[in-house]
Student: 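One structure, pasted below without further comment.
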Protein chains: 2
Amino acid sequence: MNSPIRIQSCSNCGLHDMCLPLALTQPEMQQLDGIIKKSTPYRRNEAIFRQGDAFHSIYAVRAGMVKTTVVNARGEEQITGFYFPGELLGLNGLHENIYTGTATALETVSLCEIPYIKLDELSALLPELRRQMMRHMSQEIADEQDMMLVLAKTSAEERLGNFLLRLSQRFKRLGFSSTQFRLPMSRVDMGNYLGLAVETVSRTLTKLQRRGVIKIEGKEVTILDFGGLTCLNGNCDEEPEPLRIA
Amino acid sequence: MNSPIRIQSCSNCGLHDMCLPLALTQPEMQQLDGIIKKSTPYRRNEAIFRQGDAFHSIYAVRAGMVKTTVVNARGEEQITGFYFPGELLGLNGLHENIYTGTATALETVSLCEIPYIKLDELSALLPELRRQMMRHMSQEIADEQDMMLVLAKTSAEERLGNFLLRLSQRFKRLGFSSTQFRLPMSRVDMGNYLGLAVETVSRTLTKLQRRGVIKIEGKEVTILDFGGLTCLNGNCDEEPEPLRIA
DNA sequence: AGTAAAAATTGATTTCGATCAAGGGTTTTA
DNA sequence: TAAAACCCTTGATCGAAATCAATTTTTACT
């Protein structure tokens, strides 16, 4: 039913499958084991770290999905990202040694914990891992800038289309079907992330379904027409077909 | 008239004033000089790097202000940030060796260029500089997440209020007045950054002025009531005074 | 299994900000 | 110093999505 996405542990770094192909010697592997802790699993809705907590670790997702949120002074909450296996959590904690957001498990989640104080030690041992981490940070900056564009400039339909496409790509990268997958988050969460009311999310999904671009049954999504979705992002010449109401 | 904000070069790292207080020996300083290039000044509207260019360098702003933009497939452009002296440009280029955005000088700008291929060399020479860079990246991630919240959840008034406050803080950090400063960007740019139409920016600034929170004459801003602005961000108990039309 | 609680859908109405339109200012450039 | 290009402001209208409201479906719990 609600089984989390699970991937094999990376045979090179022991973190996850998405690692660089590092060529490690046996003693290096053992050293690594002493630094990186495999955490006990987190359950649905359990917090991994909270906004304002003292920063102590970066986490790599091994299985399951995680959301991160920030809260402003007025108490409004914004989901800032969904994290898949192979992605890193807590990168925004380094600059002032405080987590600037909260990470919550969307389902049963298992993680690797990399204590911050071991980071230099780790860097020395594995310079490639450090570079990898910087690439992850760079990726996150680029992704968030794209998200700013989405939030500032696009319609509800475009946002949902873009969102589904990006989910699809990530499932594909993990070796799962890119045309059929299970949404790990609620409609409320989608709306929160995309800056839309739940009602708008629901209506828009229905609209896309009527148009024959997707099929959606509860949390199960099937993408029927990638072209139609890509169109919404402007990657096509013609405008999408206007909805013809029966 | 249009003189860029200029700060003294950092006596430690030679990059800028905002650096960590690094204790460098004379030979270390000389090595650094060979790695970091002081670029020729860029003029208003000149591009420093463009979206899609091969990634080659990270830049530190020494004087003047810079904006960065991303463009989506439909050709819509979004300003993703304004960069002040002491801040780093190009951090989003590392992950796939391509700049994922464009950086443009808002006024005459001088920069330090740190070639990417020298980055490892530099890291070895100055581990503290590497940590500093990671902190900058972390800061950028956190800032952008805050911006996502602003774009997804707040009204035009709140966005402008938040924007002016953050500008004010940055001017203060550079040793300038936090209550009176010159906006380095046009109303169009503000609107673009904040996800608002120019007309809305203009109207909202007028409204804030009528309410006596700010005074604005062209590009010169005076903040008259910090409390009033902070209120807009939810950092106060009472709601802001509704505008009483004369 | 049965019930309570939570999540999702659909409809009606309202609202904030986009868009359209026009006029006045202010820098550039020749 | 003209004129051209751009920038800013204000007004009127319109529309996409928020909000309010009600029902149905799904999930969680005893």
Side-chain angles (χ1 to χ4, degrees), chain A residues 1-3 43-46 67 76 78-79 106-108 150-161 163 182-210 214-221 232 240 242-243 245-246, chain B residues 1-3 43-46 67 76 78-79 106-108 150-161 163 182-210 214-221 232 240 242-243 245-246:
Chain A
M1 270 299 89
N2 208 14
S3 62
R43 303 229 222 102
R44 199 162 120 76
N45 293 325
E46 204 177 334
K67 70 174 174 186
E76 290 156 328
Q78 170 72 24
I79 294 177
L106 282 171
E107 48 191 350
T108 304
V150 168
L151 290 173
K153 298 272 181 329
T154 72
S155 69
E157 224 171 80
E158 292 168 287
R159 291 185 206 190
L160 260 307
F163 178 68
R182 189 183 164 77
L183 295 169
M185 74 292 284
S186 69
R187 302 283 196 271
V188 174
D189 279 353
M190 285 193 249
N192 184 316
Y193 178 58
L194 297 170
L196 299 171
V198 210
E199 295 95 326
T200 307
V201 172
S202 197
R203 267 187 262 273
T204 307
L205 288 177
T206 306
K207 218 198 289 186
L208 290 176
Q209 183 164 227
R210 278 212 206 111
I214 57 168
K215 187 155 88 71
I216 190 157
E217 281 175 305
K219 307 239 176 213
E220 286 295 333
V221 182
L232 290 173
L243 173 63
I245 294 146
Chain B
M1 271 297 89
N2 208 12
S3 61
R43 305 231 220 101
R44 199 163 119 77
N45 292 326
E46 205 176 333
K67 70 174 173 184
E76 291 156 328
Q78 170 72 24
I79 295 178
L106 281 172
E107 48 191 349
T108 304
V150 168
L151 290 173
K153 298 270 178 340
T154 71
S155 69
E157 223 170 81
E158 291 167 288
R159 291 186 207 190
L160 260 307
F163 178 68
R182 190 183 162 76
L183 295 169
M185 74 293 285
S186 69
R187 303 282 196 272
V188 175
D189 279 352
M190 284 192 250
N192 184 316
Y193 179 58
L194 296 171
L196 299 171
V198 211
E199 295 95 326
T200 307
V201 172
S202 197
R203 267 187 262 272
T204 307
L205 288 177
T206 306
K207 219 198 289 186
L208 291 176
Q209 184 165 227
R210 280 215 203 109
I214 57 169
K215 188 155 87 71
I216 190 155
E217 282 174 306
K219 306 237 177 215
E220 286 295 334
V221 182
L232 290 173
L243 174 61
I245 294 145

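Letters go in sequence order (proteins before strands), and every chain restarts at 1.
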Student: Could you tell me how far apart A/R187 (CZ) and D/dT24 (P) are, to the nearest whole angstrom?
Tutor: 19 Å

Student: For the pair B/E220 (side chain) and B/E217 (backbone), establish whether a donor and an acceptor sit closer than 3.5 Å, ignoring hydrogens and angles.
Tutor: no

Student: Which heavy atom of B/P184 sits nearest a heavy atom of B/E107, and at what distance?
Tutor: CB-OE2, 4.4 Å

Student: Measure from CD on B/E220 to P on D/dC7 and round the result to the nearest Å.
Tutor: 18 Å

Student: Considering only heavy atoms and no angle criterion, is a donor-acceptor pair shorter than 3.5 Å present between the side chain of B/E157 and the base of C/dC16?
Tutor: no

Student: Would you check, one step at a time, whether the test side chain to side chain contact (heavy atoms under 4.5 Å, CB included) holds for A/M190 with A/L183?
Tutor: CA-CA 10 Å; A/M190 285 193 249; A/L183 295 169; 3.5 Å; yes

Student: In whole angstroms, how far is the P atom of C/dA7 from the CZ atom of A/R44?
Tutor: 8 Å

Student: Reckon A/G191 touches a base, only the sugar-phosphate, or nothing at all at heavy-atom distances under 4.0 Å?
Tutor: nothing

Student: By side-chain hydrogen bond (donor to acceptor under 3.5 Å, both in side chains), which residues pair with A/K67, not counting sequence neighbours?
Tutor: A/D189

Student: Hey, is the main chain of B/N192 close enough, under 3.5 Å, to the side chain of B/Q78 for a donor-acceptor pair?
Tutor: yes

Student: If you measure from CG on B/L160 to CD1 on B/I214, what distance do you get to the nearest 0.5 Å?
Tutor: 7.5 Å

Student: Looking at every strand, decide which applies to A/L205 at a 4.0 Å heavy-atom threshold: base, sugar-phosphate, or nothing.
Tutor: nothing

Student: Taking the nucleotide of DNA chain D with the nearest heavy atom to each, does B/E199 or A/T154 sit closer to the 5' end?
Tutor: B/E199

Student: On the nucleotide D/dC7, are OP1 or OP2 found under 4.0 Å from the side-chain N or O atoms that B/K219 carries?
Tutor: no

Student: Take atom CG of B/N192 and atom P of D/dC6, then tell me their distance rounded to the nearest Å.
Tutor: 17 Å

Student: Rounding to a whole Å, what distance do you find between B/D189:CG and D/dC6:P?
Tutor: 14 Å

Student: Below the 4.0 Å mark, does C/dA7 have OP1 or OP2 next to a side-chain nitrogen or oxygen of A/S186?
Tutor: no

Student: May I ask you to verify whether the side chain of A/R210 and the base of C/dT9 hold a donor-acceptor pair under 3.5 Å?
Tutor: no

Student: For B/S202 and D/dT9, is the shortest distance between a side-chain N/O and OP1 or OP2 below 4.0 Å?
Tutor: yes

Student: Given side chain to side chain contact (heavy atoms under 4.5 Å, CB included), test A/V221 with A/R182 step by step and report yes or no.
Tutor: CA-CA 6 Å; A/V221 182; A/R182 189 183 164 77; over 6 Å; no

Student: Take the protein atom NZ of A/K153 and the nucleotide atom P of D/dA16, then report the distance between them rounded to whole Å.
Tutor: 18 Å

Student: For D/dA18, take OP1 and OP2 only and decide whether either is under 4.0 Å from a side-chain N or O of A/T200.
Tutor: yes

Student: For the side chain of A/A156, counting heavy atoms from C-beta on, which of D/dA28, C/dT9, D/dA17 is nearest?
Tutor: D/dA17

Student: Any base atoms under 4.0 Å from A/V201, or only sugar-phosphate, or nothing? Heavy atoms, all strands.
Tutor: nothing

Student: Without decimals, in angstroms, what is the distance between A/E217 CD and D/dT27 P?
Tutor: 12 Å

Student: Please report how far the helix from C/dA1-D/dT30 to C/dA22-D/dT9 bends, comparing the axis fitted to its first five pairs with the axis fitted to its last five, to the nearest 10 degrees.
Tutor: 50°

Student: How many whole angstroms separate atom CG of A/N45 from atom P of C/dA6?
Tutor: 12 Å

Student: When only distance counts, do a donor and an acceptor, one from the side chain of B/R203 and one from the base of D/dG11, lie under 3.5 Å apart?
Tutor: yes

Student: Cut-off 3.5 Å, no hydrogens considered: what does the side-chain donor-acceptor table look like for residues 193-206 of chain A, sequence neighbours left out?
Tutor:
residue	atom	partner	partner atom	Å
A/T204	OG1	A/T200	O	2.6
A/T206	OG1	A/S202	O	2.9

